[in-house]
2 protein chains.
Amino acid sequence: MIAAKVSEKTIRRLSHYARCLRMAGLRGETIMTSQQLANNCGISSAAVRRDLSTYGEFGKQGSGYRVSELLSNIEDILGTVDPPEVIIVGAGSIGCALLASGLEGTGGYTYSGIFDNDPKKVGRKCSGVEVLPLEGIPLQPHGSSETIAVIAVSRGQGQCVLDMLVEKGFKAVLSFNLEPLQSPEGVTLRYVEVSTELDVLTHSMRRKGGMGK
Amino acid sequence: MIAAKVSEKTIRRLSHYARCLRMAGLRGETIMTSQQLANNCGISSAAVRRDLSTYGEFGKQGSGYRVSELLSNIEDILGTVDPPEVIIVGAGSIGCALLASGLEGTGGYTYSGIFDNDPKKVGRKCSGVEVLPLEGIPLQPHGSSETIAVIAVSRGQGQCVLDMLVEKGFKAVLSFNLEPLQSPEGVTLRYVEVSTELDVLTHSMRRKGGMGK
DNA sequence: GCGTGTGAACCTCTTCACAGCG
DNA sequence: CGCTGTGAAGAGGTTCACACGC
């Protein structure tokens, strides 16, 4: 398997392809064409083929791609064949809701714990899982963290929680907090920003931005 | 100050600038430079200036940008001076958590209602707001919908809820559901996909650097 | 026939570096 | 001097169109 330098945009699309393939697999389909994948993802078939051809030749000319085979290859590219664990920091409404929603259909991710520093929350159960104090967050193996941390804490607490996670050796963090955070080199930090999504939607409604799906 | 065709990426950055400016305003700052904005958003100062210069000349050479003035201009560009209402469809864990989290600090958005078709949920209160049946979702003025709908319903229910919203005249939808949805031309549909964010994070953790094979 | 894989053209976005103005 | 605004260069991503194999 080749690992070229890839843009985040491409990775996102590969993630979508993987999801489509999983769903197709559940429906019992064994073959998909680039056109079918493209329709599902709202892009062109050429774009799909271009993305895939960066990594190898996964298709059969004249017929298409074998669902199971292509899915394996994409998971290999993404590195999600054996997905990392995911912990939730913050047992507030968002943290507990994420835990309750679970991660089924996402290709094997699971939430392995939820943590909070509020004494009133520690010890309670969210969806059957006991809330542990922040000190209970496991130290990550030096240089080879295999766990993703999701931050969903009170406003203004994001940065100090992130600092603690970095200290513990986490290398990948997803923040639901609104405030922009600072992370050192080597720690990948991403955000889920409802606020920004609303801005994009408002812009497209009012300024006829015309950006499709 | 005419809005040309702008990429979504630029809109996202403008949304970030707006957020930084609001926070700076709260801290009492009246002037910000492109460098300060850049540091907050994790990009280069040239990128900030480039984004802004697309729409006009908002800065004062030698000093920087007036916080309140630039914020007004950006909100004008985004169309968020008077933000649309936001309704939540789905009073499950995610829907209720979103309502509970609220939208403070996002520039004026507010949730104006929450809806569900489960008789067991209708009539209950989430964060003090009564859950109404789907039939209660207001019809949108023809051709000029001014409300954003957030979908957070049970797995597999996304498409039929979306169809109903389109029927009612909604033009902007944010889906927290995993399944890819089909929307007609003219309806902007966006997703919050934790699954994809996890894939991107996993990829960055495991495929970091230019290691071949 | 059908659908993949890909060179090449095309287009968009980013970065640099500096002119110009307060 | 400091910082903005921007032409020009560069990098990166997308689309086209067609050769190739099934």
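Note that this is a predicted model, so its numbers are computed, not measured. Every chain is numbered from 1 and lettered A, B, ... according to where its sequence line falls, protein lines coming before strand lines.
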- prompt: What is the distance from CG of Leu37(A) to P of dG5(C), rounded to the nearest Å?
  reply: 12 Å
Candidate pair Tyr17(A) and Asp51(A), rule side chain to side chain donor-acceptor pair (under 3.5 Å), full reasoning: CA-CA 10 Å; Tyr17(A) 304 155; Asp51(A) 281 340; 2.7 Å; yes
- prompt: Between the side chains of Asn73(B) and Glu69(B), does any donor sit under 3.5 Å from an acceptor?
  reply: no
Polar side chain donor-acceptor pair, Thr106(A) to Ser195(B), under 3.5 angstrom: no
- prompt: Can you check the Glu69(A) CD to dT4(C) P distance for me, whole Å?
  reply: 13 Å
task: Using side-chain hydrogen bond (donor to acceptor under 3.5 Å, both in side chains) as the criterion, list what pairs up with Glu75(A), not counting sequence neighbours.
output: Arg22(A)
- request: Might you point out which heavy atoms bring Met32(B) and Val67(B) nearest each other, and give the distance in Å?
  value: CG-CG2, 3.8 Å
Under the side-chain hydrogen bond (donor to acceptor under 3.5 Å, both in side chains) test, residues paired with Glu29(B) that sit two or more places apart: Arg27(B)
query: Does any pair with a residue in residues 146-170 of chain B pass salt bridge (Lys or Arg N to Asp or Glu O under 4.0 Å), and if so which ones, sequence neighbours excluded?
result: Arg206(A)-Glu146(B)
task: Mind listing the residues from residues 14-35 of chain A sitting with a heavy atom below 4.0 Å of DNA chain D? Number order is fine.
output: none
query: Hey, are Thr196(B) and Tyr191(B) close enough side-chain-wise for a donor-acceptor pair under 3.5 Å?
result: no
query: Which nucleotides of nucleotides 13-22 of chain D have their base under 4.0 Å from a protein heavy atom (B), which only their sugar-phosphate (S), and which neither (-), written as one string 5' to 3'?
result: SSB-B--BBS
Length of the OH-C1' vector between Tyr55(A) and dT4(C), whole Å: 18 Å
- prompt: Can you check the Leu70(A) CG to dT4(C) C1' distance for me, whole Å?
  reply: 12 Å
- request: Determine, step by step, whether Gln35(A) and Asn39(A) satisfy the side chain to side chain donor-acceptor pair (under 3.5 Å) criterion, reporting the C-alpha distance in whole Å, the side-chain angles of both residues, the deciding distance to 0.1 Å, and the verdict.
  value: CA-CA 6 Å; Gln35(A) 185 62 59; Asn39(A) 289 343; 3.1 Å; yes
Note: Arg12(A)-Glu197(B) ion pair, threshold 4.0 Å (strictly below): yes
- prompt: Short question: side chain of Ser101(B), backbone of Ala97(B) - any donor-acceptor pair under 3.5 Å?
  reply: yes
For nucleotides 9-11 of chain C, tabulate all protein N/O to nucleotide N/O atom pairs closer than 3.5 Å, reporting atom names and distance.
none

statement: When rounded to whole Å, the CG to C1' distance for the pair Leu52(A) and dG5(C) reads 10 Å
